[in-house]
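Taking it in order: structure first as structure tokens, then the write-up.
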Amino acid sequence: MLEVDQEAQRMLRKRKRPTVVCTNCRRRKSRCDRERPCNTCTRFGNADSCVYLDSSPSSNEPQILLTSSRRSNSSKSHDFRTVSSVPDVGYQKDKTLMDLGPRYINIIPAGFYVAAKRSAVNIFSPFTDVGMEHRDPYLSFLVRFRSISIRKMMTKYKRNNTTTIIPNLPRSFMPLSTFDFDEGNYLDARAQYYFRQHKSLFNKFAKFRENDSKKFTDTNIDVKYYMPGKDVFLKHIFPFFTGYISTIVPIFDTNVLNKEIDTLYSKLETRDKLETKDFEHILYCIILLITLLTQLSIKMTKDTAWNNVFEEVLTIDTSRYVSIINHYLFGMKLLKKCTLMQLQCLLLLKLYYWCGPEDNEGTDSQYNQIFLSTIIGSAREVGVNWFCFLDDTNYSISIADKTRPSIYDMNSDAYSAIYKKIWAVILHWDRKMALVTGQECNVNKSYPFRYRDSCPSTWHVKMIEIDSLLLKVNKLLNDTPTRVDITQMRVTIDQAIDETALLREKNEITELHLNIELDWTLDLLKLSMLQCAMVSFEYDVSVILFHETAQELWDFLIYVIQKGETYFSDSGNLDPFTKFYTNRIVEIVTNKVCVLVPAFILRVSRFSSLTDSDRKSMCQFLFIVSSIYFNEFAFDNYRAFKKMFTAKLSYKILNRPTGKDPWLIILQFLVTELEMSNGVLEEECNNCTKLGDLLPQLSMLLELKTEKGSAFQAEDILTMWNKDIYPAGQYDTRFMFKVRSEQLSKFNKDKYEDRFNIFESFYEHSSSTLAEMPVATSTAADYGVLGDAGNKDSVSDTSSMTFPLAPSTVTDNLNVNFELLDEIFEPIDFVSFFK
């Protein structure tokens with residue numbers, strides 16, 4: 001009884017102790033002078049997010065105490081009763097808490113992510129997969145947990161000489177192929193069938209890369225051999241291009257282009273070489289690109305009925321085309337100067353890089369920025385810029401003899417019209433990529449523009465009317481990424497949507513494939529901004545705003561997948577020959593859903609209203625979404641296939657039995673990993689990034705665990721995370737997160753149950769042979785040292801590094817982590833790493 005009274009007195013004393021630091025200083029662990037805003041936040045430029053949270057248990061519910069600068073923006077104090085009801089699905093235009101005034105968010109709370117590896121250094125834009133994972137601590141912890149697990153497994157395979165190396169595939173494919181090929185040891189006929197299917201895809205993508213890396217010289221290119229026949233090209237390929245593909249990149253006068261191509265074919269009847277001084281090699285590249293795009297369009301219809309109709313086109317061997325184009329465009333140092341035809345060729349290549357099955361832009365389109373900048377620089381060199389539309393009289397064009405196109409084919413007015421078309425397409429690509437990846441626009445100017453009859457009648461020219469709105473969105477995002485007004489961003493996005501609808505009605509814009517792409521791009525922008533807002537509010541302990549945004553993001557994820565199912569099952573009036581183009585933006589959006597759903601599954605324990613049953617529903621939703629994504633794209637798309645192994649591994653990690661919280665397992669495992677990695681000799685790992693540096697919150701967790709000493713219990717990790725590291729987690733008792741079970745139930749039926757599901761079959765079994773492997777010696781590579789930062793799940797050759805183990809502590813930690821991994825990988829995948 002006395003102990004109960006003492007506990008009551010202790011709690012009573014705790015209730016009287018107010019919060020003495022703002023949420024920013026608490027998160028930074030810096031000194032706070034308790035001003036409103038405090039001087040520390042003012043110095044760091046975070047005055048608008050400087051809030052004091054009254055966390056005393058005597059309050060019935062948490063209150064956000066606004067600073068003087070923020071209070072003026074609010075018409076009334078916030079509490080749970082002011083939260084508007086959230087509609088079932090969709091992006092809200094209704095008035096919510098975020099509509100009460102400017103709301104500033106930090107879209108890079110963990111900073112920009114720069115990956116430095118042997119082959120390249122990349123900064124990942126905020127809307128890429130890596131950018132989203134880096135921003136959200138839950139996702140970044142999952143990625144590192146997954147990476148360490150793969151590393152441990154691959155080191156064991158490497159020691160036992162059982163790694164599977166497929167020629168022409170990158171090192172990052174080694175875990176993917178090794179894990180999957182080990183499944184071929186099963187004698188079950190079904191597993192053997194899966195194994196054969198998977199192996200054929202590995203070989204297919206290896207062939208892609210082999211052809212892409214082929215090196216050509218002027219002497220070893222048989223021009224006539226690789227060039228399509230004249231009759232096939234002029235009678236079948238070129239009419240197909242002008243009828244179905246040219247609207248995507250309306251950058252040619254097709255009559256002039258047809259004449260130029262016919263002339264080149266005639267000249268090659270009497271000789272075998274291209275005259276580079278006459279830029280015949282550029283026209284040759286255009287012919288190859290048009291053939292590539294035509295083949296891709298026909299194949300992506302997925303309708304075998306067209307195979308007989310276009311048999312002559314589909315039988316052309318185009319496997320070496322990209323390598324030949326790269327030789328002529330980049331191997332001959334032509335970027336020192338530019339021609340109009342060369343600029344048109346670069347834009348065609350950009351279209352193929354965007355739609356093609358190879359990984360030409362990188363998995364996260366991180367290489368797009370360099371190529372797009374090259375195109376824009378070339379355009380400026382030839383005079384293609386905003387002045388095309390501002391004043392037609394700004395150009396006095398002198399056309400010299402032997403210019404291609406010649407003065408006989410294109411006069412000054414024709415040149416001016418082509419310039420307008422090209423600039424409109426370049427603006428579209430620049431704005432689109434800025435919305436997709438969050439990168440800063442290359443063209444930082446925009447002008448008021450109204451379409452007039454004197455302008456070329458193309459979709460891109462007409463859509464310049466909303467260019468200033470799209471640029472405004474990008475400036476709001478990139479001018480100060482640590483202080484983005486999410487309210488103004490939402491208003492601008494909605495305005496762009498409304499203006500787009502008006503333009504389509506007024507100007508009779510009927511290019512359905514381009515309209516679909518723009519709609520999905522704006523959906524992707526909203527999806528990305530909602531994730532930015534949710535994580536930012538969570539960082540700042542803006543509890544009410546976090547709850548509202550989390551619910552809205554979850555609802556929007558459901559909406560996007562419902563929209564995607566409609567697209568895949570019935571494209572309506574969409575021409576089948578333009579699906580190769582629209583598929584790309586749908587693939588990106590669907591992939592983003594696969595990235596973001598795990599963030600909610602990991603947060604289930606944070607919301608008191610959610611149960612294990614809700615987690616199972618979310619996991620089932622993730623399985624269906626992943627099945628849709630990989631079955632629609634992984635068979636043809638190198639980028640999608642490359643992501644499948646880590647996606648399946650993440651699903652296995654998240655889909656835990658009742659009572660097993662995957663987030664608790666991840667926290668316990670990583671804290672133990674960091675505790676062990678601190679024993680690595682400094683000189684042995686000074687050439688790679690440490691786990692504690694990659695996950696600063698993890699270092700804070702380890703410090704708290706060390707402070708507790710012998711009083712620490714395994715379950716305390718979750719309490720520490722929710723109260724001390726990510727304090728927004730302790731104020732969720734009144735929030736009712738809605739999983740939307742009715743909507744999710746529509747996804748429960750496996751649409752691939754009657755056919756081969758590549759996501760379900762991939763890495764379906766855990767290898768039973770692993771338990772028979774001999775015990776291996778632990779190394780520094782196994783514990784918290786991540787080598788190749790450019791590829792999260794790649795394998796670095798650090799197995800020779802020794803690791804000094806403290807006998808008692810490390811053995812206990814190893815046993816703990818063995819139990820955690822044993823809960824996820826069944827049967828035992830990592831037995832050889834634990835003594």
Side-chain angles (χ1 to χ4, degrees), residues 212 226-228 233-234 237-261 264 274 279-300 313 316 318 320-332 334-335 338-358 360-361 365 367-368 370-379 381-382 384 404-405 418-419 421-430 432-433 458-460 511 513-514 517 577-578 580-581 584:
D212 193 49
Y226 289 109
M227 195 178 191
F233 187 86
L234 294 178
I237 297 175
F238 193 73
F240 186 98
F241 174 79
T242 56
Y244 296 104
I245 302 175
S246 62
T247 55
I248 300 173
V249 280
I251 55 177
F252 295 102
D253 182 320
T254 53
N255 292 326
V256 173
L257 181 61
N258 185 47
K259 181 180 178 181
E260 290 277 2
I261 291 172
L264 180 61
L274 298 169
F279 287 88
E280 289 180 351
H281 58 295
I282 300 298
L283 186 58
Y284 184 77
C285 290
I286 290 175
I287 292 172
L288 300 188
L289 281 168
I290 289 175
T291 305
L292 268 174
L293 290 167
T294 300
Q295 263 197 7
L296 183 63
S297 172
I298 297 170
K299 290 178 179 178
M300 289 299 104
V313 177
I316 297 174
T318 61
R320 301 291 174 87
Y321 277 17
V322 174
S323 296
I324 295 173
I325 293 165
N326 284 331
H327 164 71
Y328 280 130
L329 285 181
F330 307 113
M332 300 181 67
L334 286 181
L335 295 180
C338 191
T339 66
L340 178 60
M341 190 179 295
Q342 185 178 331
L343 176 60
Q344 292 168 322
C345 186
L346 289 173
L347 281 167
L348 270 186
L349 183 59
K350 170 63 182 169
L351 173 62
Y352 182 77
Y353 277 179
W354 175 252
C355 304
E358 299 94 339
N360 294 303
E361 289 194 329
S365 297
Y367 308 132
N368 154 81
I370 297 174
F371 189 38
L372 189 57
S373 298
T374 301
I375 292 173
I376 293 172
S378 300
E381 180 62 23
V382 302
V384 176
R404 307 193 69 165
I418 289 294
Y419 273 31
K421 289 181 180 181
I422 292 175
W423 184 244
V425 171
I426 287 175
L427 279 178
H428 170 70
W429 278 105
D430 188 44
K432 176 175 71 174
M433 295 311 302
T458 69
W459 183 93
H460 300 82
E511 289 83 354
H513 50 290
L514 294 169
E517 183 194 45
F577 295 124
T578 57
F580 81 101
Y581 181 68
R584 176 64 168 130

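Y419 approaches V382 most closely through the heavy-atom pair OH-O, 2.7 Å. The heavy-atom pair separating M433 from L372 by the smallest distance is CG-CD2, 4.3 Å.
Residue pairs meeting the salt bridge (charged side-chain N to carboxylate O under 4.0 Å, His left out) criterion with at least one member in residues 344-355, sequence neighbours excluded: K350-E361.
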For this session: Starting from the C-alpha separation in whole Å, work towards a yes-or-no answer on side-chain contact (heavy atoms from CB on, under 4.5 Å) for I375 and L343.
Result: CA-CA 7 Å; I375 292 173; L343 176 60; 4.1 Å; yes

Exercise. Could you walk me through whether I245 and I290 pass the side-chain contact (heavy atoms from CB on, under 4.5 Å) check?
Worked result: CA-CA 9 Å; I245 302 175; I290 289 175; over 6 Å; no

Problem set entry | Derivation of the side-chain contact (heavy atoms from CB on, under 4.5 Å) call for N258 and L234 | CA-CA 8 Å; N258 185 47; L234 294 178; 3.6 Å; yes

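For the pair L346 and F371, the minimum side-chain heavy-atom distance is below 4.5 Å. Proximity of M227 to L264: side-chain heavy atoms (C-beta onward) are separated by under 4.5 Å at one or more points. Counting heavy atoms from C-beta outward, Y321 and I316 have side chains that approach closer than 4.5 Å. Residues L283 and C345 fail the side-chain proximity criterion, which asks for heavy atoms closer than 4.5 Å. For the pair N326/L349, a side-chain contact is recorded, criterion being any heavy-atom separation below 4.5 Å from C-beta on. Contact of the L257 side chain with the I286 side chain is registered, since non-hydrogen atoms from C-beta on lie closer than 4.5 Å. Inter-residue side-chain proximity for N368 and Y353 is flagged as unmet; no heavy-atom pair is nearer than 4.5 Å.
In this structure, CD in E260 is found 10.0 Å from CD1 in I287, a value given to the nearest 0.5 Å. A distance of 4.0 Å separates CD1 of I261 from CZ of F233, quoted to the nearest 0.5 Å. Rounded to the nearest 0.5 Å, atoms CG (L514) and NE2 (H460) are 5.0 Å apart. Taken to the nearest 0.5 Å, the CG atom of L288 stands 11.0 Å off from the OG atom of S323. Within the model, atoms OG1 of T458 and NZ of K421 stand 7.0 Å from one another, a figure rounded to the nearest 0.5 Å. Taking CD1 of I422 as the start and CG of L427 as the end, the distance is 12.5 Å to the nearest 0.5 Å.
When the salt bridge (charged side-chain N to carboxylate O under 4.0 Å, His left out) test is applied to E280, the partners found at least two apart in sequence or on another chain are K267, R271. Taking Y352 as the reference, L289, L292, L293, L296, V322, P357, E358, N360 meet the side chain to side chain contact (heavy atoms under 4.5 Å, CB included) condition, with sequence neighbours excluded. Applying the ring pair (Phe, Tyr, Trp, His ring centres under 6.0 Å) test to Y284 and every residue at least two apart in sequence or in another chain returns nothing. A search for side chain to side chain contact (heavy atoms under 4.5 Å, CB included) contacts involving K432 returns W354, H428, W429, V436, E517, T521, Y581, not counting sequence neighbours.
Under the 30°/60° scheme for interplanar angles, the aromatic rings of F240 and Y244 are found to be tilted.
The main-chain N or O of T294 is never found under 3.5 Å from a side-chain atom of S297 such that the two would form a donor-acceptor pair.
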Tell me which donor-acceptor pairs under 3.5 Å the side chains of residues 247-255 have, and how far apart each pair is, sequence neighbours excluded?
{"unit_1": "T247", "atom_1": "OG1", "unit_2": "H513", "atom_2": "NE2", "d": "3.1"}
{"unit_1": "D253", "atom_1": "OD1", "unit_2": "N255", "atom_2": "N", "d": "3.2"}
{"unit_1": "D253", "atom_1": "OD1", "unit_2": "V256", "atom_2": "N", "d": "3.3"}

